[in-house]
Amino acid sequence: MTLDNTRLRIAIQKSGRLSTECQKLLKGCGVKLNIREQRLIAHAENMPIDLLLVRDDDIPGLVMDGVVDLGVVGENVLEETLMERRATNEPADYSELKRLDFGGCRLSLAVADDFDYQGPQSLEGKRIATSYPWLLKRFMDNQGVKFKSVMLNGSVEVAPRAGVADAICDLVSTGATLEANGLVEADVIFRSKAVLIQSGTALPAGKQQIVDKLLPRIQGLQQARE
Ligand code: PRT
Ligand code: ZN
């Protein structure tokens with residue numbers, strides 16, 4: 001399957017916490033999808049829309065590089081990518097079309113339940129495991145606290161027990177994962193929801209028309225759920 005550049009390209013998470021809601025959102029907008037396992041691309045049957053099914057971490061970059069026109073991603077991943085790209089002088093333009101009503105979570109500092117946490121200063125000189133080094137650094141810089149970042153892409157919550165770090169900075173929704181690992185939430189550093197973003201460059205008229213059709217439908221769907 002190939003991509004036709006006259007069709008609106010939307011990147012969504014292939015499988016994970018955002019994928020079901022994203023597909024529901026598109027269906028709710030009247031987009032008929034035929035998503036097959038293992039396929040990277042899905043063509044809408046009734047509108048000139050192609051979906052790219054990818055890892056969530058790749059979505060902001062695909063939008064900012066103009067590889068896709070739209071993307072749905074968590075603000076946590078968006079903001080982290082933005083900070084990294086700005087620091088490395090990579091393209092970082094995009095516009096936010098809509099904050100969505102799913103994917104809610106918070107990025108929080110957490111420590112072992114026997115750690116005497118008196119505020120971010122308690123982490124001075126400590127090792128903090130995270131998948132979000134830029135968001136963590138911004139928060140700690142604002143607090144004037146120096147620390148060592150331990151970059152982990154998964155299993156962040158086991159780092160303190162494994163002796164790899166003194167604290168963690170990870171996503172939390174119910175708090176069950178922290179509790180199961182003997183950790184307590186110490187400070188929230190970022191609150192996130194899923195967002196719909198668009199590439200920074202103007203779209204050709206045909207594609208823009210589709211976006212203008214989708215947006216009020218999304219608005220309507222979200223209002224109906226409120
Ligand atoms: O494979 P791919 O890279 O696409 O997926 P992923 O595993 O990186 O992401 P995924 O599917 O876990 O999450 C996608 C997005 O969902 C995140 O970037 C957030 O914007 C949002 N989201 C909402 C969450 C959570 N809630 C969440 N609870 N992402 C992750 N978690 C994890 C958290 O990391 C921790 O391991 O769930 C655990 C904590 O959950 P609770 O309920 O026990 O507190
Ligand atoms: Zn990911």
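As the structure lists them, so they are numbered: ligands from 1, and atoms in each ligand from 1.
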task = Check Y132 against T130 and note the closest heavy-atom contact, atom names and distance.
result =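 Taking Y132 first and T130 second, the nearest heavy atoms are N-OG1, 2.9 Å.
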
Check: Where do L82 and Y94 come nearest, in terms of heavy atoms and distance?
Finding: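 That closest heavy-atom pairing would be CD1-CE2, 3.7 Å.
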
min-distance N/O/S atom, D57 vs the Zn ion (ligand 2), resolves to OD1

The Zn ion (ligand 2) has as its nearest N, O or S atom from D56 the atom OD1

- Item | Pair E80, N76: side-chain N/O donor-acceptor within cut-off below 3.5 Å | no

Would you mind listing which atoms of ligand 1 come within a distance below 4.0 Å of any non-hydrogen atom of [X]?
| X | value |
| --- | --- |
| T174 | 41 (P), 42 (O), 43 (O), 44 (O) |
| V77 | 18 (O) |
| G16 | 11 (O) |
| G104 | 23 (C), 26 (N) |
| G74 | 20 (O) |
| V172 | 44 (O) |
| T177 | 38 (C), 39 (C), 40 (O), 41 (P), 43 (O) |
| A176 | 43 (O), 44 (O) |

Would you mind checking which non-hydrogen protein atom is closest to [atom], with the distance to 0.1 Å?
| atom | value |
| --- | --- |
| atom 33 (C) of ligand 1 | L171 O, 3.3 Å |
| atom 28 (N) of ligand 1 | S173 OG, 2.9 Å |
| atom 34 (O) of ligand 1 | D170 OD1, 3.6 Å |
| atom 44 (O) of ligand 1 | G175 N, 2.7 Å |

Ligand 1-proximal atoms of [X], by part, heavy-atom distance under 4.0 Å:
| X | answer |
| --- | --- |
| N76 | side chain |
| R55 | both |
| V156 | neither |
| L18 | side chain |

Can you tell me which residue among V54, V77, V72, L18 is in a side-chain contact (heavy atoms from CB on, under 4.5 Å) with I59?
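Output: one option passes, namely V54.
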
- Message: Looking at ligand 1, is there an atom of it that comes within less than 4.0 Å of some heavy atom belonging to A194?
- Response: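 No, that is not the case, since the closest heavy atom of the residue is not under 4.0 Å from the ligand.
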
If we only count N/O pairs under 3.5 Å, is [X] in contact with ligand 1?
| X | result |
| --- | --- |
| V54 | no |
| E75 | no |
| D56 | yes |

Does any N or O in the side chain of [X] come within less than 3.5 Å of the main-chain N or O of [Y], such that one atom is a donor and the other an acceptor?
| X | Y | value |
| --- | --- | --- |
| D93 | T201 | no |
| R9 | V68 | no |
| E185 | G175 | no |
| R127 | G163 | yes |
| S199 | M64 | no |
| R55 | S15 | no |

Tell me whether L53 shares a hydrophobic cluster with L70, the cluster being built from Ile, Leu, Val, Met, Phe, Trp, Tyr side chains joined at under 4.5 Å.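 Linked within one cluster.
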
Answer yes or no: are there more than 12 heavy-atom neighbours, outside [X] itself, under 6.0 Å from its atom [atom1]?
| X | atom1 | value |
| --- | --- | --- |
| R191 | CZ | no |
| E179 | CD | no |
| K126 | NZ | no |

Under 4.0 angstrom from atom 5 (O) of ligand 1, is there any protein heavy atom?
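Protein heavy atom within 4.0 Å of atom 5 (O) of ligand 1: present.
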
Among Q13, R17, E80, whose heavy atom sits nearest atom 37 (O) of ligand 1?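 When every heavy atom of Q13, R17, E80 is considered, R17 comes closest to atom 37 (O) of ligand 1.
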
Heavy-atom proximity to atom 26 (N) of ligand 1 ranks first, among S19, S131, C105, G103, for C105

Out of the candidates K193, Q223, R225, only one should pair with D101 under the side-chain hydrogen bond (donor to acceptor under 3.5 Å, both in side chains) rule; please name it.
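Among K193, Q223, R225, the one meeting side-chain hydrogen bond (donor to acceptor under 3.5 Å, both in side chains) with D101 is R225.
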
